[in-house]
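Written below as structure tokens is the structure these notes are about.
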Protein chains: 2
Amino acid sequence: MAGRTARAVSASPALGPARRTRAQEVRDQVLALVAERCLGPGDRLPTEVELSEHFGVGRSTTREALKLLEQDGLVIAEQGRGRFLSPIGSLAVERPVTRYESVSEMLETMGMSVTTTVLSVEESTASPVEAEALALDAGAPVVRTLRLRSHDDEPIMVNINTIPRACLPGPVAYRDWSSSITAALAAHGHYVLSSAARITATELPDAIGTRYGLAGLGAWLLVQERCVTADGRRVLYAEDFHRGSAFAFQVLRHR
Amino acid sequence: MAGRTARAVSASPALGPARRTRAQEVRDQVLALVAERCLGPGDRLPTEVELSEHFGVGRSTTREALKLLEQDGLVIAEQGRGRFLSPIGSLAVERPVTRYESVSEMLETMGMSVTTTVLSVEESTASPVEAEALALDAGAPVVRTLRLRSHDDEPIMVNINTIPRACLPGPVAYRDWSSSITAALAAHGHYVLSSAARITATELPDAIGTRYGLAGLGAWLLVQERCVTADGRRVLYAEDFHRGSAFAFQVLRHR
DNA sequence: CACGGACAAGTTATCAGACAAGTTGAATGG
DNA sequence: CCATTCAACTTGTCTGATAACTTGTCCGTG
């Protein structure tokens, strides 16, 4: 009678939020302790042993928590000397650009009420740029949308979104393209988890500016963004023009 | 006869580069192994035990290395199942904006040969904006420089740098302001370690555009950056205008 | 035969203890 | 006074064990 055979693990991560570990909790508790004791840049943290006793965890867990803070650049560790708060904490940054949020989510978080006008929606084939961004074959079927977002009748954003056709099944004409595209993708099982963005400054292309009466509105931030799901599928390529007079990105930089 | 008394640690981190730990090395080795085995998004990594044996380190060290990768969003850990590659790895990003580098360093890394023209240098007092950015009292003495960087006689960048006067002692007239200001600051013990940057799109202000014949050059990325040392001193406030047609920033974004 | 529960196998998460490596300041000797 | 040694201290790493969680197989029952 043979014993039980070994179990096999399927080769995909779960798509929901991961369980929160003790080390992650301790990381936050360390930050709270720092605030509580009014520690500032350059100040020394309690030792690993002291923190382990303080939080009632093992030293390994404390180390893992501290490692997270070091990786964030918040803490500097020196063997034999201790750990010190780095200067980043003194630089207040809200909503860093490294935190992915869709354009709709961003506008909502900013509390900015906008009117979305769908300028065009087309079933098309992927251009070479889109094919590369979406890891598609050249000429693969896509849906491409062009939308204008206005605030108090003032144009503030123009979005060009390209989605693999298969990701949003059903007739194009029946979909409400003025609402969040990432929400629609998520509803079809394509939850955007990450992206790579390229940010530069430009003026609106003539094809858009003159055609839709948007010329002469100054400088725009152009964000070209490739969006992927947890298992690596490319589900959205966005070219978003943000009016320079209305938008800015914040980021912490560290050597 | 009393024994030796306890030693005390001074309350400041060292200002040089930190020693590289084994865990940091293993992190890079894991990435190399991933590439070697052509693992892609969603694929499962070897177990902690396997990796520990493969690299000849303890399991704790392996865990600390893997924690770094998880923190970067490159790896997703699931208790009882294993670890999986997240989709970020499939998004190629070079020189993310989160990595601090001074403007001079950036241009050098890009291999872009530029001519730097010092348009003005003045001893002045801090404006309210500068005072806030540099954590100075209003009206505190500063040095303010205005420089133009050109590539093949084409203007590509305009820098306004404000430095607390005390950070660069000596007569202003005797200093070569066309070279790297962060290098000069470092030479006086003010090594810039981190910064907080705000990025938007704009046109050149009239005060600069018309006065120096730089108008009509399109859209510019405006980077307003507060730079700090390891012990938290604010030593530089920069307003850098990067020509949109020549520069872009790359960033990975993750939920 | 289908379903539910128990259990073994496997993997990450955490703890405890020990030793290694590096830093610092006091003590000691020249 | 200066240089060297050494103890105390702190982070870095290793080893071994147990806890917590996941998955698939096996077995009993309806």
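So you know, we letter chains A, B, ... as the sequences are listed, proteins then strands, and number each from 1.
Between Ile76(B) atom CD1 and dA13(C) atom P there is a gap of 13 Å when expressed in whole angstrom units. The interatomic distance linking Arg27(B) (CZ) with dT13(D) (P) rounds to 12 Å, in whole Å. For the pair Gln79(A) CD and dT11(D) P, the interatomic distance rounds to 10 Å; values are reported in whole Å. Computed from coordinates, the Glu25(A) CD to dA20(D) C1' distance equals 14 Å when rounded to whole Å. Protein atom CG of Leu68(A) is 11 Å distant from nucleotide atom P of dA13(C), rounded to whole Å. dT10(D) atom P lies 11 Å from atom CZ of Phe84(A), rounded to whole Å.
Taking Glu132(B) as the reference, nothing meets the salt bridge (Lys or Arg N to Asp or Glu O under 4.0 Å) condition, with sequence neighbours excluded. Scored by the salt bridge (Lys or Arg N to Asp or Glu O under 4.0 Å) test, Glu108(A) finds no partners at all (sequence neighbours excluded). Applying the ring-ring contact (aromatic ring centres under 6.0 Å, His included) rule to Phe249(B) yields the partners His242(B); only residues at least two apart in sequence or on another chain are considered.
Considering only side-chain N and O atoms, Lys67(B) lies nowhere under 4.0 angstrom from the phosphate OP1 or OP2 of dT12(C). The phosphate of dC9(D) (OP1 or OP2) has no side-chain N or O of Arg81(A) nearer than 4.0 angstrom. At the phosphate of dT23(C), neither OP1 nor OP2 sits under 4.0 Å from any side-chain N or O atom of Arg44(A).
Among dA21(C), dT14(C), dT13(D), the nucleotide with an atom closest to any side-chain atom of Glu64(A) is dT14(C).
Looking only at side-chain heavy atoms (C-beta outward), Val251(B) and Tyr100(A) stay at 4.5 Å or farther from each other.
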Side chains of residues 27-40 of chain B: which donor-acceptor pairs under 3.5 Å do they make with residues two or more places apart or in other chains?
{"from": "Asp28(B)", "atom 1": "OD2", "to": "Arg20(B)", "atom 2": "NH2", "distance (Å)": "2.3"}

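Residues from residues 47-63 of chain B lying near DNA chain C, meaning a heavy-atom separation below 4.0 Å, are Thr47(B), Glu48(B), Arg59(B), Arg63(B) in numerical order.
Screening residues 46-62 of chain A for salt bridge (Lys or Arg N to Asp or Glu O under 4.0 Å), with sequence neighbours left out, gives Glu48(A)-Arg59(A), Glu48(A)-Arg63(A), Glu48(A)-Arg83(A).
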